[in-house]
Amino acid sequence: VRSTRVELFSEDVFVIFVLDITARKKAENEILDINRHISELYRLAPYALGVVKNARLTEANERFFEMTGYQPSELLGKTLENVHANRAEYLKLSETRQQLFTEGNISEIESRYKKKDGSIIDVIIRRTAAPSLGDDAIIFCVIDITGIKETERQLLKTNSLIRDLYRLSPIGLGVMNKGILVEGNDSLYELTEYPPEELLGKSFRDIHLSENDFNDFRDKIHSQISSSGFIEDETRYITKNGSIKDVMVRLLNTPSLGKDMTIFSVIDITRIRNAERELLSLYEDAPVAMILLDNDFNVRRANRAAIDFSPSKSNSKLNVHVGNFLKCSSTSQNHCKNDCSECELLSILQEIKNTGKAILDTDINVVQSEGNFKTTKTLSVSLSKIKVLGEQLILFCFNDVSGKRMFEKRFNQIQKLELTGLIASG
């Protein structure tokens, strides 16, 4: 409302002007509210914010002073050269000042700040010209990325370490895409005796011992790796020079590298398998009866001493339950039923299966039946779990000590009689 005093027709009167300024006042209030919000955001922002005029700090929020460790009185009105880690980094920012004024874009640069206590932090500085605040005014935002940069440095060290381990690993390592080799380390090429250029971009068909071995191994991989994402299995490779190697292959599906990407390792176990084969040949001629059983107690292999002990005296009795192999009357018909728990043979086999602990030099009685005749045999047995040619088996060793135990029993009886006579004569 505006009013003025005027003379009208020789009379003093007041002229009043009324202007509707509702819209203007609403706009002013909205601007004040926005300014208040901006001021609060500026004050509470997690990033350091400030204004530089003529290369001197004129304003900054609390976060900037917390980040640098300085008090406002120590920085306001001064350049930020002391805040930078060195003069070169400060000059790098100064060189781009004129470009900001000319182009008016946003500049982002990584730098380092030196805090008041001397510690160094990594920062990202974003700047833009602010002509509304002055011809030479620049608004800036500083983000502390020390944690991120340290993580990056650690990742680089880790990646470098992984690359060195990959390169120097004594185990063959590689990457496949849809069954085609795309990368391999030196140990893989040494194991196969092929140079990289003869394997890269190809499948492993040529280095498998036969096409059947390759097809069986490939089918097994496809069936298992699709369900569990991991497979471990044995196969045989034929090297470029014609030598045959037993290998343990482990494959892991890695979708993070790509949909059909698989990483694998190859371990040469030829010496182990050759040693096991030599052991099996010695096992055949051992004077102690030895039987290799699977987890269902079926006979996988028996040496000559075990076959000679068996009433059947025949290799045709392999792959049958050990009770049937030994003609044990308690188990020959009922070894799969629950009513054979009293059989000492099954009891001790069940114990080694459940506990895995070796059982050494234990006597058990086995009743053997041959037609209508039954014979009780005392066996000194030892059992242990072993892995043979990649398969977990039970090694069952035994000696027939029936005669020995009979003589021991008679000797004990004689000693008792002598003792009784000695007491009676006394």
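The minimum heavy-atom distance between Val247 and Asp268, with the atom names listed, is CG1-CA, 4.4 Å. Residues Tyr194 and Ile238 come closest through the heavy atom pair CE1-O, 4.3 Å. Heavy-atom minimum distance, Val401 versus Leu379: CG2-C, 4.2 Å. Closest approach of Lys220 and Ile231 over heavy atoms only: O-CD1, 3.7 Å. Here the shortest heavy-atom pairing between Gly184 and Leu200 reads N-CD2, 4.5 Å. Residues Arg63 and Ala45 share a closest heavy-atom pair of CB-O, 3.7 Å.
Listed for the Asp246 side chain is no donor-acceptor partner under 3.5 Å among the backbone atoms of Ile269. A donor-acceptor distance shorter than 3.5 angstrom exists from the side chain of Asn185 to the backbone of Ile171, with no hydrogens or angles considered. Side chain of Lys385 to backbone of Gln392: no donor-acceptor contact under 3.5 angstrom is found. In this structure, Thr58 contributes its side chain and Val51 its backbone to a donor-acceptor pair below 3.5 Å. With Lys245 contributing its side chain and Leu191 its backbone, the two residues share a donor-acceptor pair below 3.5 Å.
Summarising the geometry, atom CZ belonging to Arg236 is positioned 15.5 Å from atom CZ belonging to Phe214; distances are rounded to the nearest 0.5 Å. In this structure, Phe309 CZ and Asn399 CG are separated by 9.5 Å, a value rounded to the nearest 0.5 Å. Between atom OG1 of residue Thr262 and atom CG of residue Asn177 there is a gap of 8.0 Å, rounded to the nearest 0.5 Å. Expressed to the nearest 0.5 Å, how far NE2 of His321 lies from CG of Leu293 amounts to 8.5 Å. Leu75 contributes atom CG, which lies 7.5 Å from atom NZ of Lys78 (distance to the nearest 0.5 angstrom). Once rounded to the nearest 0.5 Å, the distance linking CG of Asn298 with CG of Leu292 reads 13.0 Å.
Side-chain contact between Leu173 and Ile263: absent, with no pair of heavy atoms (C-beta onward) separated by less than 4.5 Å. For the pair Glu193/Ser243, a side-chain contact is recorded, criterion being any heavy-atom separation below 4.5 Å from C-beta on. Using a 4.5 Å heavy-atom threshold, the side chains of Phe398 and Leu345 count as separate. At least one side-chain heavy atom of Leu93 sits under 4.5 Å from a side-chain heavy atom of His84. Side-chain contact between Leu199 and Ile207 is present, with heavy atoms from C-beta onward closer than 4.5 Å.
A salt bridge (Lys or Arg N to Asp or Glu O under 4.0 Å) with Asp122 holds for exactly one of Lys115, Arg153, Arg112, Lys149; it is Arg153. Screening Arg250, Lys387, Arg273 against Glu234 for a salt bridge (Lys or Arg N to Asp or Glu O under 4.0 Å) leaves a single residue, Arg273.
For the 3.5 Å distance criterion, the side chains of Asn365 and Thr378 qualify, holding a donor opposite an acceptor. No donor-acceptor contact under 3.5 angstrom links the side chains of Thr239 and Asn241, judged on distance only. Judged by distance alone, the side chains of Asn274 and Arg271 never bring a donor and an acceptor atom under 3.5 Å apart. The closest side-chain donor-acceptor pair between Thr146 and Asp144 falls under 3.5 angstrom.
In this structure, the ring of Phe140 has its center less than 6.0 angstrom from the ring center of Phe64.
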